[in-house]
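Reading through the structure tokens given below for one structure.
One is the number of the first residue; the rest follow in order along the sequence.
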Amino acid sequence: MPLRSHDWFLRDGQAGFKSRSRMKNQGTPQQMFDGRPVIGICNTWSELTPCNANLRILCEHVKRGVLEAGGFPLEFPVMSLGEPLMRPTTMLYRNLVSMDVEESIRANPLDGVVLLVGCDKTTPAAIMGACSVDLPTIVVTSGPMLNGKFQGRDIGAGTDKWRFTDDWRTGKMTTADYIESETCMSRSDGHCMTMGTASSMACVVEALGLMLPGGAAIPAPDARRRRLCHFSGNRIVEMAKEELRPSKILTRDAFENAIKINAAIGGSTNVILHLLAIAGRIGVDLRLDDFDALGSQVPLLVNLKPAGDFLMEEFYYAGGLPVVMQNAASLLDMDAITVTGESHARNTAGAVCFDERVISGLDAPFQREAGIAVLHGNLCPDGAVIKPSAATPELMRHRGRAVVFKSLDDFHARIDDPDLDVDEDCVLVMQNVGPKGFPGMPEVGNMSLPRKLLDKGVSDMLRISDGRMSGTAYGTVVLHVAPESAVGGALALVRDGDMIELDVSRRRLRLDISADELEYRRAQWQPSATPSPRGYTRLFTDHVQQADLGVDFDILKGGSGHEVIHNAEAQAEGKVGAT
């Protein structure tokens, strides 16, 4: 069977000479150009992305697997996104990395690709790019860190950071202990070991069928993750021969499975944005309201922080995602095809739960309804989201007075002001942290509570923004309000003292003012006068879509296929492009 790489390496004359000759300067022997599948290993390793720092080692195990299966592995780098260090937010660059991945795959002689990812945005970014090309693809993540250990107890990245920070701000925790907890929290290779966005995306990718079964939860330092890499290298060679492409795996049924699994594991709200973007690239009609319709009634089957008690290490030892899929099989399409070439039913047959404190069945879930709730109303006509499993039940129906912050800087400047007119019944509102407004939609929606309320023992308040929050965070937080305030959405029109009503059971978020008053304010609204950005940020602000569409670029919807486009006129006529 002819492979795509043959057009580079099996050609006669000057074209083949050039491709083979330059590869030989790395010591590549002639036998590697005998027509075997060429496998690209897309590596998001970077010392600036601590969560992905072990991918350099894992890559070598993928290469061994590719070579053993008769393939020709070629590693290539792309921009890496490290949540702990990057500013202003990694979400600003997710689409850029997806473009880097897409063009790197298409432009080179590859027959299949292994995506080495880990930290939050590297996973969706790489998958988005690969979907746009649609060559056989398999995903391997860096794996979660080992449990944090602090003063005789387990602590989780992100989740306990928020708690410790509040304790430190109120004097309940010393500065010395606060600094010591940093070391104790991050004590091995890997991404967050809570069910934050990185762990959620790993589980969702396994549920989509793009990862070998059981691969999401193996701890990063565990030797079994290296074996997973080896087996993934084996399998991608066969996938290239079988032409098992993402478009054959990522069906509507696969996305429905992913939505339900994200609910069952108590997964991150960020998954919504990423699945919407991936679906847009692969051509599946997926909408924001699907997350409520399909996932909101799904029980919580995994007892992990921030919604529960345990961490990813215990989740793996309890049986990992195969157990969850078996336990939730009646809710899922278990016949959906995966990268193994087999169904989920076949892949997970015989999965056993070894700790029912961590993974439950449908008959005794940790929470009856755990999925994401999608809200509508005059404050969010295109939608907003809330994660009930991480919220305070008493605040799921609430009416309160708005305390408005015009920006993140405004919030930081005033939140601990003792003269701030705020009480525990108020609603904290942050504007201008959406896709265009920030730009990039940062994880600031879980606003810290005012110091004077923390001192009184207040632990949660209703908070609303057009931004995101970390998957490791918790609280009664309404996110992804669309349209965002920077484009004149209703959130921009909220004023101090306005009454806001939340009723999650009725899926409603409402600003309690008349329609006439809302229209009057809209007519008076003026966008912020900000300097025009340049370069990539200009591209982002010009083309980014709103949260209900996944924050992808309008110019990247759909894919271009794997053909190398070199004739604009032919492309316009549809003669060159996807096959």
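In terms of modelled atom types and a separation under 3.5 Å, the side chain of K241 and the main chain of L3 share no donor-acceptor contact. A donor-acceptor pair is defined here as one N or O able to donate and one able to accept, closer than 3.5 Å; such a pair exists between the side chain of D466 and the backbone of V433. In this structure, the side chain of T49 does not engage the main chain of C51 through any donor-acceptor pair within 3.5 Å. Without hydrogens or angle criteria, W45 side chain to L55 main chain gives no donor-acceptor distance under 3.5 Å. The backbone N or O of S80 sits nowhere less than 3.5 Å from a side-chain atom of S46 that would complete a donor-acceptor pair. In this structure, the side chain of H344 does not engage the main chain of M325 through any donor-acceptor pair within 3.5 Å. Put simply, the side chain of T348 never gets that close to the backbone of A351: no donor and acceptor are under 3.5 Å apart. Side-chain N or O atoms of T541 include one that pairs as donor or acceptor with a backbone N or O of T537 at under 3.5 Å. A donor-acceptor pair is defined here as one N or O able to donate and one able to accept, closer than 3.5 Å; such a pair exists between the side chain of D111 and the backbone of V38. Of the possible polar contacts, none joining the H61 side chain to the R227 backbone as a donor-acceptor pair under 3.5 Å is found.
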Q) Can you check side chain to side chain contact (heavy atoms under 4.5 Å, CB included) on V113 and I236, steps first, answer last? A) CA-CA 7 Å; V113 62; I236 191 62; 5.9 Å; no

Q: Give the intermediate values and the outcome of side chain to side chain contact (heavy atoms under 4.5 Å, CB included) for residues R245 and H562.
A: CA-CA 11 Å; R245 304 171 184 273; H562 65 79; 3.7 Å; yes

Q: Evaluate the side chain to side chain contact (heavy atoms under 4.5 Å, CB included) criterion for residues L479 and M441: first the C-alpha distance (whole Å), next the side-chain angles of each, then the deciding distance (0.1 Å), finally the verdict.
A: CA-CA 10 Å; L479 305 156; M441 202 179 181; over 6 Å; no

Q: Apply the test side-chain hydrogen bond (donor to acceptor under 3.5 Å, both in side chains) to residues D554 and Q545: give CA-CA distance (whole Å), side-chain angles for both, the deciding distance (0.1 Å), then the verdict.
A: CA-CA 6 Å; D554 53 15; Q545 300 177 103; over 6 Å; no

Q: Decide side chain to side chain contact (heavy atoms under 4.5 Å, CB included) for V324 and I261; before the verdict, give the C-alpha distance in whole Å, the side-chain angles of both, and the deciding distance to 0.1 Å.
A: CA-CA 8 Å; V324 178; I261 284 298; 4.0 Å; yes

Q. Going through the distances and angles, do K436 and Q546 end up as a side-chain hydrogen bond (donor to acceptor under 3.5 Å, both in side chains)?
A. CA-CA 8 Å; K436 291 179 182 285; Q546 290 294 293; over 6 Å; no

Q: Walk me through it: do S142 and D189 pass the test side-chain hydrogen bond (donor to acceptor under 3.5 Å, both in side chains)?
A: CA-CA 8 Å; S142 58; D189 288 335; over 6 Å; no

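For E47, the CD atom counts as loosely surrounded, since its 6.0 Å shell holds 12 or fewer non-hydrogen atoms of other residues, nucleotides or ligands. Few gaps surround CG on N25; more than 12 heavy atoms of other groups in view lie less than 6.0 Å from it.
Taking 4.5 Å as the limit, every side-chain heavy atom of V139 sits out of range of all side-chain heavy atoms of L208. Considering only heavy atoms from C-beta on, C203 stays 4.5 Å or farther from N262 through its side chain. Put simply, the side chain of S19 does not reach to within 4.5 Å of the side chain of R11, judged on heavy atoms. Between P37 and F72, the closest side-chain pair of non-hydrogen atoms is not below 4.5 Å. Inter-residue side-chain proximity for V62 and L116 is flagged as met; some heavy-atom pair is nearer than 4.5 Å. In this structure the side chain of K24 never reaches within 4.5 angstrom of the side chain of P29, judged on heavy atoms. Side-chain atoms of P483 and P381, non-hydrogen and from C-beta on, do get closer than 4.5 Å to each other. Contact annotation: the side chain of F255 never approaches that of N257 to less than 4.5 Å [non-hydrogen atoms, C-beta and beyond].
A donor-acceptor pair shorter than 3.5 Å cannot be found between the side chains of S200 and N270. A side-chain donor-acceptor contact under 3.5 Å links H376 and D289. Side-chain N/O atoms of S343 and D335 include no donor and acceptor closer than 3.5 Å.
For the side-chain contact (heavy atoms from CB on, under 4.5 Å) criterion with I127, the lone passing option out of I282, L275, T137, L210 is L210. Just one of Q30, Q31, R36 meets the side chain to side chain donor-acceptor pair (under 3.5 Å) condition when paired with D34; it is R36. Applying side chain to side chain donor-acceptor pair (under 3.5 Å) to D552 and the options R281, H274, K557, H543 leaves one that passes, R281. Put simply, the residue from T122, T197, T90 that forms a side chain to side chain donor-acceptor pair (under 3.5 Å) with E83 is T90.
I138 contributes atom CD1, which lies 9.5 Å from atom CG of L115 (distance to the nearest 0.5 angstrom). Separating the CZ atom in R224 from the CZ atom in F231 is a distance of 12.0 Å, to the nearest 0.5 Å. Atoms CZ and CG, from R94 and L96 in turn, are 12.0 Å apart once rounded to the nearest 0.5 Å. Rounded to the nearest 0.5 Å, atoms CD1 (I41) and CG (N43) are 8.0 Å apart. Expressed to the nearest 0.5 Å, how far CG of D7 lies from CG of L10 amounts to 9.5 Å. Between M312 atom CE and S199 atom OG the span is 4.0 Å, to the nearest 0.5 Å.
Qualifying side-chain contact (heavy atoms from CB on, under 4.5 Å) partners for T89, counting only residues two or more places apart in sequence or in other chains: M91, L92, F438, P442, R468.
Annotation for G371 and A263: closest pair CA-CB, 3.5 Å, computed over non-hydrogen atoms. The nearest pair of heavy atoms linking P136 to M239 is CG-O, 3.7 Å. In terms of heavy-atom proximity, R4 sits nearest to A107 at NH2-N, 4.4 Å. Between P124 and D120 the shortest heavy-atom distance is CD-O, 3.0 Å. Closest approach of G215 to T141, counting heavy atoms only: O-OG1, 4.3 Å. When all heavy atoms of V551 and N95 are compared, the pair lying nearest together is O-ND2, 3.0 Å.
Looking at D292 and R507, a side-chain N of the basic residue comes within less than 4.0 Å of a carboxylate O on the acidic one, giving a salt bridge. Taking the charged nitrogens against the carboxylate oxygens, R252 and D290 do have a contact shorter than 4.0 Å, which makes a salt bridge. By the 4.0 Å N-to-carboxylate-O rule, E68 lies too far from R64 to be salt-bridged with it. Looking at E443 and R87, no side-chain N of the basic residue comes within less than 4.0 Å of a carboxylate O on the acidic one, giving no salt bridge. A salt bridge is absent between E238 and R235: the closest approach of a Lys/Arg side-chain nitrogen to an acidic carboxylate oxygen does not fall below 4.0 angstrom.
Using cut-offs of 30° and 60° for the angle between ring planes, the Y536 and Y93 rings count as parallel.
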